[in-house]
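One structure below.
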2 protein chains.
Amino acid sequence: MDKIKQNTLHGEVAARIRDMIDAGTLAPGSRVPEKQLCEQFGVSRTPLREALKVLASEGFVELLPNRGARISKLTIDTLQHTLEVMSALEGLSGELACAHISEAELANIEALHYQMLAYYKNTNMAEYLLTNQQIHEAIVVASRNDVLIDVYKSLNQRVRRVRFSAELSREYWAKAVQDHEDIIAALRRRDSEALGQILRRHLSDKVEVSSLAGMAEQKNLP
Amino acid sequence: MDKIKQNTLHGEVAARIRDMIDAGTLAPGSRVPEKQLCEQFGVSRTPLREALKVLASEGFVELLPNRGARISKLTIDTLQHTLEVMSALEGLSGELACAHISEAELANIEALHYQMLAYYKNTNMAEYLLTNQQIHEAIVVASRNDVLIDVYKSLNQRVRRVRFSAELSREYWAKAVQDHEDIIAALRRRDSEALGQILRRHLSDKVEVSSLAGMAEQKNLP
DNA sequence: ATTGCCAGAATTGAATTCAAAATATAAAAT
DNA sequence: ATTTTATATTTTGAATTCAATTCTGGCAAT
């Protein structure tokens, strides 16, 4: 869609590595093959290593002294913690969005909502999850808080891989859809109190976490 | 106190540059003098530039294509946005802390609280702010959520410079102290609902923001 | 067969080098 | 004298180089 144009070389490399982690081409726990990636990307080690430093500060890789970088594993704990923080941020987004959202944005979110309902009825989980994600991002963007948007996107990026391979139980799925009805209603009447409350609980629900648990690593031991 | 030992060179350099920004040695809006800093730190440009990439991803500096890095200015908007996000995170911390805090931690927080009250009575603003900060950090740590702790610390670091030079009005100060009484009380009775609510409102109060506004830049124009 | 040791190879971290871009300085033109 | 143009200098971005460390594989000892 609207991909952000990375004008720095190390930024470009970092984006590529993130994608490779998402795609599983670089497996969690494995070492980062500097030389090989350099050849693959056609760059020298300098920008690649710069990218690794940035990715380390984002939590995608860990730097091991004198033995390069290793792809971070996503622990169940870390996943749970990340979803908790994202919930808090979504709660704030909801409150702020009530104050700042435009009619056009609201209309767009409603359209996405009905689209999502259709995917739910058809049990099309992949498309459902994608649309669901778009709704949440749209609310976050409507907060008009750039710091919030950045932090949210960064955390989301970190857990995206496992979130999109989730297996939702029938009960959880029904509950999530009901939540979304409530979210749209609260947003439509600009009820920031209610919207904040729903969003703070919506994601961090243990149900989703446990449904995701299978995708994440049990522990981060060597 | 318990400073984290940085074992990577670029990490060390990044920490030093953060400190220099905090201290005002590197002025917001000014260009980063690579060569000079290299001599000062006794390192080559490679680790220094790695540090700059990390600092850029943390928001401390901006990278300008082909003209190096510039120290970020802290806009009033960014300050406001950051405090809003920190409030949301503190709210979550409070809720989680109620479930996880140990007696020893609670006792420590109470001790800090009484110490802070003394500073308030003596109108010792600098020490008050420091102790206040310690209380909030202790609650965040008690959440036992590592992602939360990391994100909070990162945001806090970003606004620390201006927060510690705040000028609190008498009314705001009194209100903040009252909030803290309520915070301690809620924490003591493990009332996560109440604590979450107080903490979500405590910081983002417009009053503090406006009191800090004088310290931040009006706009981020070139 | 397993463990310990050592040389050689590969990898890493950081300094250095090099080309391109930006900035500063000087000369020329009006 | 001021503006413009040309040239030199500095600075930046990225590749290359180099020393230090880690990894690998083979050989010897038990």
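Below, chains carry the letters A, B, ... as their sequence lines are ordered, and counting in each starts from 1. Because the structure is a prediction, the values reported are computed rather than measured.
A perpendicular orientation is assigned to the rings of Y128(A) and W173(A), their planes being inclined by more than 60° (bins at 30° and 60°). Ring planes of H136(A) and H202(A): parallel class, angle under 30° (limits at 30 and 60°).
L64(A) comes within contact range of the sugar-phosphate backbone alone, with a heavy-atom separation under 4.0 Å but no base atom that close. Within the nucleic acid shown, E50(A) has no heavy atom closer than 4.0 Å to any nucleic acid atom.
Comparing dT12(D), dG13(C), dA15(C) by their closest approach to the side chain of P47(B) singles out dA15(C). Distances were taken from every side-chain heavy atom of T46(B) (C-beta onward) to each of dT16(C), dT12(D), dG13(C); the shortest belongs to dT16(C). Checking dG13(D), dT12(C), dA15(C) against the side-chain heavy atoms of N66(B) singles out dG13(D) as nearest. Nearest to the side chain of R31(B), among dG13(D), dT11(C), dT23(C), sits dT23(C). Taking every side-chain heavy atom of R67(B) into account, dA22(C) is the closest of dT11(C), dA22(C), dG13(C).
For R70(A) and dT22(D), the CZ to C1' distance is 15 Å, given to the nearest whole Å. Per the geometry, CG belonging to N7(B) stands 13 Å off C1' belonging to dG13(C), to the nearest Å. Atom-to-atom, CD of E34(B) to P of dT17(C) comes out at 17 Å; the value is rounded to the nearest Å. One atom, NZ of K35(B), and another, P of dT12(D), lie 11 Å apart when rounded to the nearest Å. The distance between atom CD of E39(A) and atom P of dA15(D), rounded to the nearest whole Å, is 13 Å. Atom NE2 of H10(A) and atom P of dT12(D) are 15 Å apart (whole Å). One can place CG of L48(A) at 13 Å from C1' of dA15(D), the figure rounded to the nearest angstrom. One atom, CG of L52(B), and another, C1' of dT11(D), lie 14 Å apart when rounded to the nearest Å.
Taking 3.5 Å as the limit, the base of dA14(C) and the side chain of S44(B) contain no donor-acceptor pair of atoms between them. With hydrogens and angles ignored, a donor-acceptor pair under 3.5 angstrom links the side chain of R45(B) to the base of dG13(D).
Of the two residues near DNA chain D, P65(A) and V43(A), the one whose nearest nucleotide lies more 5' is V43(A).
A side-chain hydrogen bond (donor to acceptor under 3.5 Å, both in side chains) check over residues 37-47 of chain A, counting only residues at least two apart or in different chains, returns the pairs E34(A)-R45(A).
For the side-chain hydrogen bond (donor to acceptor under 3.5 Å, both in side chains) with E58(A), the qualifying choice from R18(A), R158(A), K53(A) is R18(A), the only one to do so.
Looking at T75(B), its side chain never comes within 3.5 Å of a backbone N or O of D77(B) through a donor-acceptor pair.
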